[in-house]
Amino acid sequence: MKKLLINAFMVFLVLFLTSCVTTKQTNLLQEPGGGIPEYSTFIPAGEYKVKVGDQLNIAIHTNPFDNQTSQLFSFMSGSASSSGGSSTKGFAVAPDGTIKFPYIGDISVRGKTTLEIQQLIEKRINENITEDCIVLVSLESKYFSVIGESGSGRYQIAKEQTTIFQALAQSGDVNTYGDRAHIKIIRQIEDGTVIKTFDLRSKDVVNSEFYYIQPDDVIYIQPMGRQFLGLNSFGAVFAVVSTFISLGLMVYNFVK
């Protein structure tokens with residue numbers, strides 16, 4: 001009986017010690033080493049490549065007194081919004097990776113950044129219609145999603161380059177028991193779907209391919225699985241350890 005109680009107490013103590021959450025498991029921007037990975041330097045472009053199904057907003061800025069652009073301007077301003085010598089229209093990227101643009105035909109946009117598309121359209125308009133034209137291209141309705149130990153939700157990307165830290169802050173941050181060592185990003189690419197796993201605790205993340213998120217990314221934070229007693233402060237740990245010691249002495253005296 002004495003041996004059984006002592007063994008049960010030791011098992012309970014081991015479970016308690018392994019359930020505690022340490023600062024090494026939760027702190028961000030830690031130096032690599034001791035289980036924190038080192039990522040080779042990679043300066044990400046941080047620019048999204050347009051894919052099939054995306055919706056592009058294309059704004060045309062023209063001289064309202066230039067008769068050469070009157071037809072183009074009329075088409076654009078009649079479809080969305082206009083003000084003075086500018087107008088905006090939405091274009092969906094077709095399955096063949098093109099958009100159909102008035103008066104200049106199909107334009108291949110798949111795999112290009114918004115800046116590259118902007119320069120391409122501006123060049124085609126300047127060559128075929130008028131030189132007095134400025135084009136601005138942006139993505140419409142850019143979102144990312146978060147599931148797991150950082151809440152669950154779909155959030156709008158507020159700016160062109162949004163970091164993983166900004167995305168998680170927008171969703172409410174990772175809770176105490178979120179596994180920061182195995183953050184997963186599910187990303188749609190031209191060839192299908194990829195899952196990228198990385199350690200958010202490493203300071204090398206800021207220079208890695210994981211730093212910037214992209215539209216339609218799904219960020220998954222899995223639980224650590226260490227929630228036996230849910231202790232994450234020194235005071236709580238000290239109180240429980242003291243209780244365990246007292247309990248152990250009581251058990252020992254009882255069976256002695």
[Y] and [X], any side-chain heavy atoms less than 4.5 Å apart:
X      : Y      : answer
Glu140 : Leu56  : no
Asp54  : Tyr48  : yes
Leu136 : Ile58  : no
Gln25  : Met224 : yes
Thr193 : Ile189 : no
Tyr220 : Ile195 : no
Gln156 : Lys142 : no
Val93  : Lys51  : no

| query | Applying salt bridge (charged side-chain N to carboxylate O under 4.0 Å, His left out), which residue pairs with at least one partner in residues 163-189 are found, sequence neighbours left out? | reply | Arg187-Asp217

| message | Suppose the criterion is salt bridge (charged side-chain N to carboxylate O under 4.0 Å, His left out): which pairs have a residue in residues 111-124, not counting sequence neighbours? | response |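 Non-adjacent pairs meeting salt bridge (charged side-chain N to carboxylate O under 4.0 Å, His left out): Lys123-Glu127.
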
| message | Would the distance check show the side chain of Tyr39 and the main-chain N or O of Asp199 forming a donor-acceptor pair, the cut-off being under 3.5 Å? | response |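 At least one qualifying donor-acceptor pair exists.
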
Rounded to the nearest 0.5 Å, what separation is found between the [atom1] atom of [X] and the [atom2] atom of [Y]?
X      : Y      : atom1 : atom2 : result
Ile99  : Gln55  : CD1   : CD    : 10.0 Å
Ile60  : Ile121 : CD1   : CD1   : 6.5 Å
Gln166 : Tyr212 : CD    : OH    : 8.5 Å
Thr26  : Asn175 : OG1   : CG    : 11.0 Å
Ile213 : Ile185 : CD1   : CD1   : 7.5 Å
Ile117 : Ser138 : CD1   : OG    : 10.5 Å

Taking all heavy atoms of [X] and all of [Y], pick out the closest pair and write down the distance.
X      : Y      : value
Asp204 : Pro32  : OD2-CG, 3.6 Å
Val205 : Ser208 : O-OG, 2.8 Å
Leu168 : Leu200 : CD1-CD2, 3.6 Å
Pro215 : Leu139 : CG-CD1, 4.1 Å
Arg154 : Ser145 : CG-OG, 3.8 Å
Lys24  : Gln30  : O-NE2, 2.9 Å

| request: Evaluate side chain to side chain contact (heavy atoms under 4.5 Å, CB included) for Leu29 paired with Val206, printing each intermediate quantity in order. | output: CA-CA 9 Å; Leu29 302 176; Val206 299; 4.1 Å; yes

| request: Inspect the surroundings of CD1 in Ile134 and state if more than 12 heavy atoms from other residues, nucleotides or ligands are less than 6.0 Å away. | output: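 No.
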
Verify the cluster assignment for [X] and [Y]: are they in a single hydrophobic cluster under the rule of side-chain heavy atoms below 4.5 Å apart?
X      : Y      : result
Ile104 : Val109 : yes
Leu120 : Val135 : yes
Ile125 : Ile107 : yes
Val146 : Ile186 : no

| query | With Tyr155, which residues qualify under ring-ring contact (aromatic ring centres under 6.0 Å, His included), at least two apart? | reply |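 In terms of ring-ring contact (aromatic ring centres under 6.0 Å, His included), with neighbours along the sequence ignored, Tyr155 is linked to Phe144.
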
| said: Applying ring-ring contact (aromatic ring centres under 6.0 Å, His included), can you list everything that pairs with Phe198, at least two apart in sequence or on another chain? | reply: Phe210

| said: Using the rule given for side chain to side chain contact (heavy atoms under 4.5 Å, CB included), can you reason through Lys49 versus Gln214, listing the C-alpha separation, both sets of side-chain angles and the distance that settles it, and then say yes or no? | reply: CA-CA 9 Å; Lys49 306 286 187 180; Gln214 293 186 5; over 6 Å; no

| task | Taking salt bridge (charged side-chain N to carboxylate O under 4.0 Å, His left out) as the test, write out the residues that go with Lys203, two or more places apart. | result |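 By the salt bridge (charged side-chain N to carboxylate O under 4.0 Å, His left out) rule, Lys203 matches Glu31.
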
| said: Between Asp106 and Phe101, does the side chain to side chain contact (heavy atoms under 4.5 Å, CB included) criterion hold? Intermediate values first, please. | reply: CA-CA 6 Å; Asp106 293 350; Phe101 202 85; over 6 Å; no

| Side chains of Gln188 and Asp216: do they bring a donor and an acceptor to under 3.5 Å? |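 Distance-only check fails for Gln188 and Asp216.
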
| note | The side chain to side chain donor-acceptor pair (under 3.5 Å) partners of Thr98 (sequence neighbours excluded) come to Asp96

